[in-house]
Amino acid sequence: MTTESLPSNIYAIADIHGRADLLDVMLGYIAEDAAVHGSKPVVIFLGDLIDRGPDSPKVIDRVRETLDLYPGSRLILGNHDFFLRELLRGTLTSEDAINWLDWGGVATLSAYSDRPVPDLANIAADIRRDFPHHVDVLENALTFKEIGRFCFVHAGIRPGIELIDQDEYDLRWIRAGFLDHLDVFRHIVLHGHTITASLRPEIHSNRIALDTGAYRSGRLSAAVIRDDELSHFLCTELTEEGAIRIGEWRPE
């Protein structure tokens, strides 16, 4: 892309994990902000739409609506989303099924179907019948996206390997070797997957970490990229009354 063709406003949202309530507030704010700037934004979802939180199907509905509304927006497939995609393809391995259920998949499957959770084949058939658009969303997801100076990915990248040659497993799962890598990459890497220690977005020399543990912290975060530069972050907060507020946040 040339500088002139880059999106002027990009919002990267990480690790929603079934918290449709937080996502609705975030998307409402983005819509209002877009109206102020007079242009449609690009929204990049960094994966892990599902599991752990209560409303995974609703989250995928909202993501699909956003992808349709804002041209150029994309979903990056997270490791949790991968399990659901494989279930719907009929290629989920027994080992992955056991791990998925242990890592929050029960909440997702229970939100989709009243069948007993071990009945994976029939639950998958129910989802394919009743939510074919969810199948499309997952099948059209990317493993990474390059825009300008930034690389958008779920977990991270393996240092020393070109993006096109990265192993998809690393892009969805990597921690060691990426989080402790201090040298610069060709791009600034925006990622989720690993919850930040501060439960706030964190800026490092070569990456920006956006997973703030929304499913348990109540804080869903997004990076705002304007004219190919990090501008600020958006973060949701739960008030003492149980309402959700959102505001701009900048590290000190």
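All values below come from the heavy atoms of this structure, side chains included, with hydrogens, waters and symmetry mates left out.
For the pair H80 and W103, the tightest heavy-atom approach, listed with the atom from each and the gap, is CE1-O, 3.2 Å. When all heavy atoms of D170 and A155 are compared, the closest pair comes out as O-CB, 3.9 Å. Residues P41 and A34 come closest through the heavy atom pair CD-CB, 3.5 Å. Shown here for F150 and D228, the closest heavy-atom pair between the two residues is CE1-O, 3.4 Å. Counting all heavy atoms, side chain and backbone alike, P71 lies closest to K40 at CD-CD, 4.1 Å.
Heavy-atom neighbours of R186 CZ from other residues, nucleotides or ligands within 6.0 Å: at or below the threshold of 12. Other residues, nucleotides and ligands contribute over 12 non-hydrogen atoms within 6.0 Å of the CD atom of E139. In D165, the CG atom is crowded: over 12 heavy atoms of neighbouring residues, nucleotides or ligands sit closer than 6.0 Å.
Here the side chains of R128 and H134 are not in contact, with every heavy-atom distance at 4.5 Å or above. For the pair V36/E32, no side-chain contact is recorded, criterion being any heavy-atom separation below 4.5 Å from C-beta on. In this structure, R200 and S221 have side chains that are not in contact, with every pair of non-hydrogen atoms separated by 4.5 Å or more. Within the 4.5 Å cutoff, side-chain heavy atoms of L210 are placed close to those of L46. A 4.5 Å side-chain heavy-atom check between V59 and V63 finds at least one atom pair inside the cut-off. Residues H232 and R226 have side chains in contact (heavy-atom distance under 4.5 Å, counting atoms from C-beta outward).
At a threshold of 4.0 Å, the pair E202-R207 does not count as salt-bridged, since none of the basic side-chain nitrogens sits closer than that to a carboxylate oxygen. Salt bridge present: E237 and R219 bring a charged side-chain N and a carboxylate O closer than 4.0 Å. Under the 4.0 Å criterion applied to side-chain N and carboxylate O atoms, D24 and K58 are assigned as salt-bridge partners. A salt bridge is defined here as a Lys NZ or Arg NE, NH1 or NH2 lying under 4.0 Å from an Asp or Glu carboxylate O, and E240 with R245 fails to meet this definition. The pair R19-D55 fails the salt-bridge criterion, with no side-chain N (NZ, NE, NH1 or NH2) lying under 4.0 Å from an Asp/Glu carboxylate O.
If you look at F152 and H191, their ring centroids are not closer than 6.0 Å.
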Side chain to side chain contact (heavy atoms under 4.5 Å, CB included) between L109 and L101, intermediate numbers included: CA-CA 9 Å; L109 297 177; L101 296 180; 3.7 Å; yes
What's the verdict on side chain to side chain contact (heavy atoms under 4.5 Å, CB included) for T239 and I244, showing C-alpha distance, side-chain angles and the deciding distance? CA-CA 6 Å; T239 68; I244 301 167; over 6 Å; no
Step-by-step side chain to side chain contact (heavy atoms under 4.5 Å, CB included) determination, I10 to V224: CA-CA 6 Å; I10 303 171; V224 183; over 6 Å; no
Does the side chain to side chain contact (heavy atoms under 4.5 Å, CB included) test come out yes or no for L163 and C151, once each step is laid out? CA-CA 9 Å; L163 279 174; C151 171; 3.7 Å; yes
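The cationic atom of R52 (NZ for Lys, CZ for Arg) lies less than 6.0 Å from the six-membered ring centre of Y215 and within 45° of the ring axis.
Side chain of T212 to main chain of L199: no donor-acceptor pair is present (N/O by atom type, distance under 3.5 Å, no hydrogens or angles).
For the residue pair E65 / Y70, no side-chain donor-acceptor distance below 3.5 Å is found, with atom types taken as modelled. Judged by distance alone, the side chains of E168 and T143 never bring a donor and an acceptor atom under 3.5 Å apart. H193 and N79 are linked by a side-chain donor-acceptor pair at a separation below 3.5 angstrom, with hydrogens and angles left out of the test. At a cut-off of 3.5 Å, with distance as the only test, a side-chain donor of N122 or D119 sits close to an acceptor on the other residue. A donor-acceptor contact closer than 3.5 angstrom links the side chains of D61 and H133. For S8 and D227, the side-chain atoms include no donor-acceptor pair closer than 3.5 Å.
Only one option out of L87, V106, T93 pairs with W100 in a side chain to side chain contact (heavy atoms under 4.5 Å, CB included); it is L87.
The side-chain contact (heavy atoms from CB on, under 4.5 Å) search around D81 returns D48, L49, I50, L77, L138, not counting sequence neighbours.
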